[in-house]
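Here is the structure we will look at.
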Amino acid sequence: MAKYYLTTTLPYVNAAPHLGHALEFVQADVLARSRRAAGDEVVFNTGTDEHGLKIYRKALEEGKDPAAYVAEYAAKFDDLKHALNLSYTNFIRTHTPEHMAAAQEFWRRCAATGDIYKKQYAVKYCVGCELEKTDSELVDGACPIHPSLTLETIEEKNYFFRFSKYQVPLLALYRARPDFVVPEARLREITSFVERGLTDFSISRLKAKMPWGVPVPDDADHVVYVWFDALVNYISTLGWPHSASAEGEAPRGTPETFSEWWGSVERPNAVQVAGKDNLRQQSAMWQAMLMSADLPPSKQIFIHGFIGIDGQKMAKSAGNIIDPFVIAEKYGTDALRYYLLRELPAYEDGDFSIAKFEEAYNGSLANGLGNLVSRVVKMAATANCALPKPRAEAGVRADTVETLDAVPEFDTLWKAYDEGLAEFNFKAAADAVWAAIAMTDRHIQSTEPFKKMKTDPEAAKRDILALLADIRAIALHLAPMLPGTSEKILAAVMAPSSDFKPLFPRLH
RNA sequence: GCCAGGGUAGCUCAAUGGUGGAGCAGGGCUUUCAUAAGGCCAAGGAUGUGGGUUCGAAUCCCGCCCCUGGUACCA
């Protein structure tokens, strides 16, 4: 049984979850569910990034203790598990003793390699981004993403990470693994970035100014810069360093598991999902940090785009933040998952609007999937036939289940489906399922089992059994994407009822 | 400025040298098993622009216009 390790980035808990978070979680969830269905053992990690200046200030603003503040927000993000029906196995919070100890140990290893040193530092800094800004990045002297915030000038002695040392190894990594970053355009982007040369970056802050972070080992005056701390979650969630083969460390949990999950240099195993704003952190900074700590790189990093709202950027200042809880509550979890997976471009920015959402809902969910299932289930109920329970349990792939193929062309569609998922092309995978739905609708029209029921009941029964099998194949392929809907269909094909309720009631 | 990607039907996109396709929306016809659902048909495009290469260009080359993303750090 293969081990599949998958992680999202950790949302920074300075604001409530929005549609962009939902996109990343749902995409990752599809990967996790499909691998589980294929028989892999899966660790699916997510969580919350809880340190840094912005959070510290926000907590004080709200008159809260930072620890209480981040705990409250972590709970909000964890609630998405139910609202979006997510199957993550790990939810890591960076403000926990285990993670903080891991971040410190990671620091020590980089220091031992000679990659951490102290130097005088002066730079403009955007509190909104938690990132340093150069003049070339500024628009009218302000951060383009947070124009209302005043840039701070930081001038202090900080610890630096020897990023520059890893230019050549990073380029070698990119060259050796053409699918290290998906899509390709993003790999080219990061390659070009690294080719232009790397400069060491600051990885600490003066505790006197910013106490909310992981203490720097052996230096009480500094805390670890939030990025350096947060990225370590990908391995601390696996129990690193305690479960690693670190000498003198007492194993925690199952000792040998870290390298099985994270992988080795020869066979890296960690798949990361991140937004395009995180390209640099995930595919360059984090990889260099891993090299420095003598740990294997990630296996693959998938970069998704952003979601615009009615053609505009989603932003607090624009007042157009879409709350995934609200959408899921109103239209259903699977309706939201459907939109995120199929109605957005695979690798680029997409757009959301209530009008588009409702159009897609009616067209593909109510009229397409829902109606097909209704018509087949009702015919089956009338003809009094049903599929036997599958020999294997639910979750087994369709091709391993006995089917009476009414529509043999499904095979090519399922191939496209598999290829889509392998390339993180959720839209392509979903398109294959909807092509199967359309094909089945056409098949019903051309074979007319509803007429045969009156003239030749036995022939009708054969047709309908085959249709039930097709619906089941569709449901099994739908399972990673729309798990709740898939379950309903699988239940219905084994016990068709004339009271079957529409899966997605049409919106008017 | 530089790097990368893009500009194709009303909308979202496909088609990397061989008669421009699909989905959705809009139009017409039609079935009745189904959620006023389904099916069929037609319409809809000087492929941003100006040149060039070629028997042949959405596709390759050059110029231009526009859009998107990136452009850390040092000076």
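Lettering of chains follows the sequences in order, A, B, ..., and the numbering in each one begins at 1. The structure presented is a predicted model; accordingly, all values stated were derived computationally and were not measured.
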Just one of A/E24, A/Q272, A/Q281 clears the side-chain hydrogen bond (donor to acceptor under 3.5 Å, both in side chains) bar with A/T9, so which one? A/E24
Answer yes or no: does a side-chain N or O of A/R188 lie under 4.0 Å from OP1 or OP2 of B/G5? yes
Checking B/U31, B/C24, B/U71 against the side chain of A/R280 (C-beta onward), the nearest is B/U71
Cationic N near anionic O, under 4.0 Å, A/D219 to A/K207: no
Measuring only the P atom in each nucleotide, how far is B/G6 from B/U16? A whole number of Å is fine. 12 Å
Residue matched to B/C29 through Watson-Crick or wobble contacts both under 3.5 angstrom: B/G39
What distance, rounded to whole Å, do you find between the two C1' atoms, one in B/G23 and one in B/U19? 23 Å
Rounding to an integer number of angstrom, what distance separates B/U30 and B/A36 when you compare their C1' atoms? 15 Å
Atom C1', compared across B/A37 and B/U31: separation rounded to whole Å: 12 Å
Distance in angstrom units between A/E359 CD and B/G10 C1', rounded: 12 Å
Syn if the chi torsion is within 90° of 0, anti otherwise; quick check, which is B/A36? anti
Using the rule side-chain hydrogen bond (donor to acceptor under 3.5 Å, both in side chains), only one of A/T7, A/T8, A/N233 pairs with A/T46; which is it? A/T8
Side chain to side chain contact (heavy atoms under 4.5 Å, CB included), paired with A/L336, selected from A/I322, A/L19, A/N85, A/L23: A/L19
When you check every protein heavy atom under 4.0 Å of nucleotides 33-40 of chain B, what one-letter string (B, S, -) results, 5' to 3'? BBB-SBSS
Pairwise C1' distance, B/U68 and B/A15 [rounded to whole Å]: 22 Å
Sole residue of A/I203, A/I116, A/D200 in side chain to side chain contact (heavy atoms under 4.5 Å, CB included) with A/F160: A/D200
Assess whether a salt bridge exists between A/K356 and A/D310, defined as any Lys/Arg side-chain N lying under 4.0 Å from an Asp/Glu carboxylate O. no
Going by purine N1 to pyrimidine N3 plus the second Watson-Crick contact, or the G-U wobble pair, all under 3.5 Å, which nucleotide sits opposite B/U68? B/A4
